[in-house]
Structures are given as C-alpha cells and as structure tokens.
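We count ligands from 1, going down the list as the structure has it; atoms in each ligand are counted the same way. Excluded from the calculations below are hydrogen atoms, water molecules and symmetry mates; all remaining heavy atoms, backbone and side chain alike, are included. Keep in mind that what you see is a predicted model, and the values were worked out from it rather than measured.
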Amino acid sequence: MDETEKLNLVGASVEEIETRLAELAQPRFRARQVFAGIYRRRLRSWEAFTDLPAALRRELAARFTLDYPALERTFLSRDGTRRCLFEVAPGQKIEAVFIPEERRDTLCVSTQVGCAVECLFCVTGKLPMRRNLTAGEIVAQVLALGSERADSAKRCNVVLMGMGEPLHNYDNVMRAFRLMTSQEGIGLSPRRITLSTSGVVPALERLAAEPIVPNLAISLNATTDAVRDLLIPINRKWNIATLVDACRRFPLEPRRRITFEYVLIAGVNDTAADARRLARLLDGLRKKVNLIPLNADPWVPLAPPPEARVLAFQKILTDHDVTAHIRRPRGGDVSAACGMLAGRDEPSGDLVHPPPKPASPEDLVRLSSVR
Ligand code: SAH
Ligand code: SF4
C-alpha cells in the first residue's frame, strides 16, 4: 500500500479506531490501547506500541499512519515563548504558540489556515482564508507542543486563539475538543480549554446546547456597533446586543465566567466613555474582562494606547465591580503575540503570503470619522 493511501489515525476517535480494528478482527480493548498510545503516550511510530503484539504492529503500520503536521521551524522568544510554524499542506502554514508560565503552561493553537473574519487589527485576518483544519491537525498541535515539557500535556491550558475563527470550523473544533478532554486520551479538563470567538452567534447557540463545553472567550473589542462594524466585519450580521444576549443565555457551571477580550486601540475604543459603556453592557453577566493593549505590527496601521490610558480604562472597570486584567504580550519579538500569527517564516519579517488587503490609511479615516 502506498503511504498516501494510508489513513492517518491522529484525529480518530476511539469508536473510529474500534471500527478499523474490528475489520482486522481485533478485540475492542486493542482499540483502547491504540487510542491511549496516540493521545496519552503521544507515540509517533507503530514500533513504539510495545503493548501490542508485533504482528499487529506490522499490520497497523501497513494500513495506518501517525502523522502530525510537519513542524517547519520554531522561533524562541526572549521571554521563553515558542512560536511553532507548521506546514499542513504545500504552501499552507499555520502556527501554534507554547507560552511557559509559572503555574501552568499555555498552548495556543490554530483552527484554520487564514481567517475569513478579516478583523482590521489582526494580521491573520489579512491572509486569504485557505481552509478549515481537521480535528487531527488541531489536536496534533496540542500533542506536539505538549511534548515541550517532560511531564506531559496534562499540565497545560489550551486556548483556541491561534489562527482562525473556531466557530467557523465548528465540527472539527468540537471533535478536537472531545479528543482533548477524553479521559483515556489527553485527559484535559474542559475547564482548561478556552474557545475564543469573534461572535458567530448561531454557532454560539449551538455550542450552548452541547453536553460539555469549553470556557468561552468573546472578542468584544468595541462598545458601539459603529466602531465594532469597522473592527470586526461580522458585527454587521450579529451586532453587540445580539452577541451579548447570546452570552446571557449561555449556560455556565457554578463559578465559571465568560471572558470578554478587549483589544485596546489608541483613539479607537479606549476612552473613559468606552470603559463605562463596557461595564454597562456586561452588567449582570458572570464575566471577567481581559484588556489587551494592541500588539503593533507593520501590517496593522493602528497603535496601542499609552500605558496611563490602559490603566485608567482598567480602573473605571474595577470601580464598576468588573474584574479586569491587563494581558501583557508574550513572544512579541518573534511575532508570536495575539493577532500576529500569519505563518511568517521570519522572526518578525515579511509575510509569507503578502496580504491581499492591508489596512489602508482610508480605513483609519473611516475609523476616526465614526467617533
Ligand atoms: N478568531 C478568534 C480567536 C483568535 S484571535 C477571535 O477573534 O476571538 C485571539 C485574540 O487575539 C482575539 O481576542 C483578538 O481580538 C486578539 N487580537 C487580534 N489581533 C490583535 C492584535 N493586533 N493585538 C492584540 N490582540 C489581538
Ligand atoms: Fe480572525 Fe480572530 Fe483575527 Fe478576527 S481576530 S481576523 S476572527 S483570527
């Protein structure tokens, strides 16, 4: 059998593996061994499955692969953050970021090659949207990055905050989520996984009906529809009121909260009036706010506010009893910080795919005219 005809089992559920192994007249417990080998032990070759009989290992090797996306390069930041560049198909690059932290490391993974939302402030949004990642490609990023530390992927948080809009790739993202949370596999608690969305409301409603859900983060980023329409074009479909309404209906377990992310952009969404409106908009919700001073990038003609303004914004929120943390960028020197992921092959150099639609000075004029 040709390598290309073999089925890749990275991304398969235990039920799918059972079906395959039943075709080889294998008992069901073998499927559980294979599943644990792939996801818990993170084995990369069939020879490494030492708990299986040698004849079965040979049979599996003849039919199935254990492929992760090809890791092309790793960029190491001064702060220890690693940006990992993968090629998922010829010319299709994605990135995942390993962020070491004192208590728990964070793995930030991609869900699409590019992104169709085209937010004005985000470099990923400047790329052409190429395709959805498969569940296997999503979960393999966690497996590959989890190996950064000897003591397993279990000690980490996973954030679906890399390239792409996770709710535009709902089925594969949820399959990957179930693989990450399966006790016999990676075994991550659903509380350790955060899905971040720009606000695809129908998909959010679908998510609300799932039996197990990840933590939810909403990229709000503005307090008026006029500004949000320009920053996040899908706001014209589902505006702030519709989005916040869907959040109010989202079922939350005790002590869980929705995170609202708010990228602070100088002169665009950073006034005292914005801070007060934000507190009012979120009134009554169980929430916390993450304030992210914009990460500047040559392709984004916007700037973060001065530090004093960021602190003043935070103070207004806390004065209104809204928990607000300021998120300091990690890995900025190697283009690994929020909104900088574009499959770039240089620490902070040119885009591999030059953006078809760089934000123009006219965009800024339009932005300033709505204020
Ligand atoms: N598409 C999803 C998840 C990926 S983006 C979403 O938009 O939520 C992850 C986070 O990075 C979002 O909260 C987004 O608002 C933020 N972000 C995008 N561009 C940024 C930039 N230039 N500086 C800081 N944060 C940015
Ligand atoms: Fe896509 Fe999120 Fe970037 Fe917007 S911020 S373009 S939704 S990745």
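Distances from ligand 1 to the non-hydrogen atoms of Gly164 include at least one value under 4.0 Å. No heavy atom of Cys119 sits closer than 4.0 Å to any atom of ligand 1.
Between Thr111 and Glu165, the side chains place no donor N or O within less than 3.5 Å of an acceptor N or O (distance only, hydrogens not considered). A donor-acceptor pair shorter than 3.5 Å cannot be found between the side chains of Asn221 and Ser219. Using modelled atom types, one finds no donor on one side chain facing an acceptor on the other under 3.5 Å when comparing Asn157 with Arg104.
The side-chain heavy atoms of Arg42 and Tyr68, taken from C-beta on, include a pair separated by under 4.5 Å.
Taking only non-hydrogen atoms, the option from Ser110, Ser219, Gly199, Pro293 nearest to atom 6 (C) of ligand 1 is Ser219. Among Cys119, Gly199, Gly164, Gly162, the residue whose heavy atom sits closest to atom 4 (Fe) of ligand 2 is Cys119. The heavy atom nearest to atom 26 (C) of ligand 1, considering only Leu167, Ile218, Val263, is found in Val263.
Nearest protein heavy-atom contact of atom 22 (N) of ligand 1 is Phe121 O, 2.8 Å. Of all protein heavy atoms, the one lying nearest to atom 21 (C) of ligand 1 is Cys338 O, 3.4 Å. With respect to atom 23 (N) of ligand 1, the closest heavy atom belonging to the protein is Asn295 N, 2.9 Å. Looking from atom 3 (C) of ligand 1 to the surrounding protein, the closest heavy atom is Ser196 O, 3.5 Å. The protein heavy atom nearest to atom 20 (C) of ligand 1 is Gly339 CA, 3.4 Å. Scanning the protein heavy atoms around atom 4 (C) of ligand 1, the nearest turns out to be Gly162 O, 3.3 Å. Ranking protein heavy atoms by distance to atom 9 (C) of ligand 1, first place goes to Met161 O, 3.6 Å.
Of all the heavy atoms of Glu261, the ones lying under 4.0 Å from any atom of ligand 1 belong exclusively to the side chain. Contact annotation for Asn221 and ligand 1: only side-chain heavy atoms (C-beta onward) come within less than 4.0 Å of the ligand.
Shown are Thr223, Leu220, Asn269; of these, the side-chain contact (heavy atoms from CB on, under 4.5 Å) with Arg228 is made only by Leu220. Screening Arg130, Lys93, Arg131, Gln141 for a side-chain contact (heavy atoms from CB on, under 4.5 Å) involving Val88 leaves a single residue, Arg131. Applying the side-chain contact (heavy atoms from CB on, under 4.5 Å) test between Pro166 and each of Thr194, Leu160, Val200, Leu207 identifies Leu160 as the sole match.
Near Thr197, the atoms of ligand 1 lying under 4.0 angstrom from a non-hydrogen atom of the residue are 6 (C), 8 (O). Of all the atoms in ligand 1, the ones that sit under 4.0 Å from a non-hydrogen atom of Ile292 are 24 (C), 25 (N). Listed by atom number, the atoms of ligand 2 under 4.0 Å from Gly125 heavy atoms are 6 (S). Counting atoms of ligand 2 from 1 in the listed order, those under 4.0 Å from a heavy atom of Val117 are 7 (S). Taking a cut-off of under 4.0 Å to the non-hydrogen atoms of Ser198, the atoms of ligand 2 that pass are 7 (S). The ligand atoms of ligand 1 that sit less than 4.0 angstrom from a heavy atom of Glu165 are 1 (N), 2 (C).
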Residues Arg41, Asp51; criterion salt bridge (Lys or Arg N to Asp or Glu O under 4.0 Å); working and verdict: CA-CA 12 Å; Arg41 300 167 68 200; Asp51 51 342; 3.4 Å; yes
Worked verdict on Asp333 versus Ser77 for side-chain hydrogen bond (donor to acceptor under 3.5 Å, both in side chains): CA-CA 6 Å; Asp333 55 333; Ser77 160; 2.7 Å; yes
Worked check of salt bridge (Lys or Arg N to Asp or Glu O under 4.0 Å) between Arg175 and Asp171: CA-CA 6 Å; Arg175 279 176 55 117; Asp171 292 333; over 6 Å; no
Residues Arg327, Glu261; criterion salt bridge (Lys or Arg N to Asp or Glu O under 4.0 Å); working and verdict: CA-CA 10 Å; Arg327 280 245 306 262; Glu261 309 191 80; 3.4 Å; yes
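At distances below 3.5 Å, at least one donor-acceptor pair connects side-chain atoms of Asn215 with backbone N or O atoms of Arg191.
Using a cut-off of 2.8 Å, one finds that Cys122 contributes no N/O/S atom close to atom 4 (Fe) of ligand 2. The distance from atom 3 (Fe) of ligand 2 to the nearest N/O/S atom of Cys115 is not under 2.8 Å.
Cation-pi geometry between Arg20 and Phe64 is not met at under 6.0 angstrom from the ring centre and within 45 degrees of the axis. Relative to the six-membered ring of Phe49, Arg57 misses at least one condition, a distance below 6.0 Å or an angle of at most 45° to the axis.
Considering backbone and side-chain N/O atoms, Leu294 never comes within less than 3.5 Å of an N/O atom of ligand 1.
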